[in-house]
Amino acid sequence: MKTVKIAGLITILLITIPSCTADDKNTGASPVILTGFPVVAGNNKFALELYAKLQNQQGNLFLSPYSISTALAMAYAGARDQTEKQIADTLCFSTMSSEQLHEEFGRLIRKLNASGEKGGYELVVANAIWGQKGYNFLPEYLAIVKTEYDGNLQQVDFAAQAEEARKTINAWVEKKTKDKIKELIKPGMLDKTTRLVLTNAIYFKGKWANQFAPILTKDSPFILLGGQKVNVPMMNQTEKFGYKEDANIQVLEMPYVNNDLSMVVLLPKKLDGINGLEKDLNNDNLAGWTDDLRKRKVQVLFPRFKMASEFELARVLSAMGMPDAFSDKADFSGMTGSHDLLISAV
């Protein structure tokens, strides 16, 4: 097996006041659960465009584009004029009105959380906004975040107790991710100019619909990008799965219990084919690869693995088309009624 695409856990978005002085300046996959959600198509397009920007970083890549979209959608609710347009274009929000977009995110969040409550798997999507104590956030902005994103305003004191606020937010993240993510916000990321932090956390824990028998797991060779081989615990089963292949790629769909969610695995036919696969990874090709998967008996050798990634996205998102949000040109007057906020970090 060469590459696996799975959902991630967490993204944060920090919004600060622009500094007053130069010295202080802060620089089919199983589609059942998502059928009928137009926001999903836009998120998939954004996901692959973001992946193309991040794929050349060293090491494995693990990200949740949905988390990034959700956190930025909460910021988008308060953006206006050119800032609003740039965010919409970059995150592929432009196919619907702002009101429709937030309603769609709300429907999707409720659907995902309700599905996770069925008992077949654990799936929790949680949002929160952390605002400066006593700061004047507009009631209509807070209402959108509460109604559509189920995000409550938590008041903290960045101005006088930034470190205490950092610990409070990190504790929330740890709780929502079942202690998987610790120290998300590192020391120094928050300071006296911070006025708002938006957080989105996703926790997922699922069992395969077709279980791997532990007795069949054995150390076997796994081929790395450079062609070297390393021995890893390789799970093994032969079962009917959604599957298709062509001259260049094998596509496997492994459903989780209840068949609402699944993992889709893309495996290049050539041992050195991962770079070619990544170049071809776009919205149309992905839709074609995952369309009309047929149930076939497949022998699956799949590695047990653990993966983590961390990256700062302000420069990446700025280069993708939304620079104003990270500069003094930012207009988030829909949050406060004035032009006093910008995004300092994602």
Side-chain angles (χ1 to χ4, degrees), residues 1-8 28-52 55 61-66 69 91-93 95-96 104-105 107-108 111-112 114-116 118 120-121 123 202 204 206-212 223 234-303 305:
M1 292 290 166
K2 208 63 167 291
T3 184
V4 180
K5 314 296 179 192
I6 53 180
S30 213
V32 177
I33 196 170
L34 300 181
T35 298
F37 292 91
V39 72
V40 172
N43 186 71
N44 286 346
K45 187 173 186 295
F46 165 70
L48 296 174
E49 291 175 356
L50 178 62
Y51 182 89
Q55 68 186 48
L61 176 59
F62 178 73
L63 76 155
S64 172
Y66 170 74
S69 292
L91 274 77
C92 305
F93 290 165
T95 58
M96 61 189 78
E104 284 297 309
F105 265 107
R107 283 208 310 134
L108 182 57
K111 175 65 174 177
L112 290 172
S115 297
K118 291 180 181 178
Y121 47 79
L123 176 61
I202 296 178
F204 172 73
K207 292 183 178 180
W208 301 115
N210 299 303
Q211 297 286 307
F212 289 90
I223 302 172
M234 196 75 74
M235 302 182 292
N236 188 347
Q237 70 167 293
T238 299
E239 189 54 75
K240 285 188 175 182
F241 292 102
Y243 179 85
K244 71 188 300 184
E245 65 176 274
D246 59 27
N248 300 311
I249 189 173
Q250 294 173 280
V251 183
L252 175 73
E253 179 190 20
M254 296 194 297
Y256 294 99
V257 169
N258 291 344
N259 295 302
D260 280 340
L261 299 175
S262 63
M263 176 186 287
V264 174
V265 184
L266 308 177
L267 179 67
K269 285 284 190 70
K270 296 180 180 179
L271 295 182
D272 60 351
I274 186 67
N275 291 329
L277 171 59
E278 288 183 325
K279 289 179 181 178
D280 292 337
L281 193 57
N282 58 50
N283 217 28
D284 290 339
N285 284 340
L286 182 61
W289 291 333
T290 56
D291 189 30
D292 295 328
L293 296 174
R294 296 187 177 183
K295 287 284 188 179
R296 293 176 55 181
K297 184 170 284 189
V298 185
Q299 182 184 14
V300 178
L301 297 172
F302 198 79
F305 66 93

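These numbers come from a predicted model, not from an experiment.
Not a single side chain to side chain donor-acceptor pair (under 3.5 Å) links K207 to another residue, sequence neighbours left out. Take Q237 and apply the side chain to side chain donor-acceptor pair (under 3.5 Å) test, not counting sequence neighbours, and it matches no residue.
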Quick one, F204 with L112, criterion side-chain contact (heavy atoms from CB on, under 4.5 Å). Give me CA distance, side-chain angles, the key distance, then yes/no.
CA-CA 10 Å; F204 172 73; L112 290 172; over 6 Å; no

Can you list the steps and then say if L50 with L63 is a side-chain contact (heavy atoms from CB on, under 4.5 Å)?
CA-CA 10 Å; L50 178 62; L63 76 155; 3.6 Å; yes

Test side-chain contact (heavy atoms from CB on, under 4.5 Å) on T238 and K297 and set out the steps.
CA-CA 7 Å; T238 299; K297 184 170 284 189; 3.6 Å; yes

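A perpendicular orientation is assigned to the rings of F105 and F93, their planes being inclined by more than 60° (bins at 30° and 60°).
A distance of 10.5 Å separates CG in N285 from CG in L266, rounded to the nearest 0.5 Å. Atoms CG and CG, on L48 and N43 in that order, are 9.5 Å from each other to the nearest 0.5 Å. Here the CD1-CG distance, from I274 to L267, works out to 8.5 Å after rounding to the nearest 0.5 Å. Taking CG of D284 as the start and CG of D291 as the end, the distance is 12.0 Å to the nearest 0.5 Å.
Nearest heavy atoms, N259 versus A209: OD1-CB, 4.1 Å. Shortest non-hydrogen contact noted between P303 and M234 is N-SD, 3.4 Å. Residues S69 and F46 share a closest heavy-atom pair of OG-CD2, 3.4 Å. Taking both residues in full, the closest heavy atoms of K269 and I249 are given as CG-N, 3.6 Å, listed atom of the first, atom of the second, then distance. Of all heavy-atom pairs between G42 and C92, the closest is O-CB, 3.4 Å. Across W208 and Q211, no two heavy atoms sit closer than the pair O-NE2, 2.6 Å.
Other residues, nucleotides and ligands place more than 12 heavy atoms under 6.0 Å from the NZ atom of K295. A 6.0 Å sphere centred on NZ of K244 holds more than 12 heavy atoms belonging to other residues, nucleotides or ligands. No more than 12 heavy atoms of other residues, nucleotides or ligands lie within 6.0 Å of NZ in K279, so this atom counts as exposed by the packing criterion.
Side-chain contact check for L108 versus Y66: some heavy-atom pair is nearer than 4.5 Å. L277 has its side chain within reach of W289: a pair of non-hydrogen atoms, C-beta onward, lies under 4.5 Å apart. Residues F212 and M254 have side chains in contact (heavy-atom distance under 4.5 Å, counting atoms from C-beta outward). Looking at heavy atoms from C-beta onward, L293 lies out of side-chain contact with V264 at the 4.5 angstrom threshold. Contact annotation: the side chain of L252 approaches that of V300 to within less than 4.5 Å [non-hydrogen atoms, C-beta and beyond]. V39 is not listed as a side-chain neighbour of T95, based on a closest heavy-atom distance of 4.5 Å or more.
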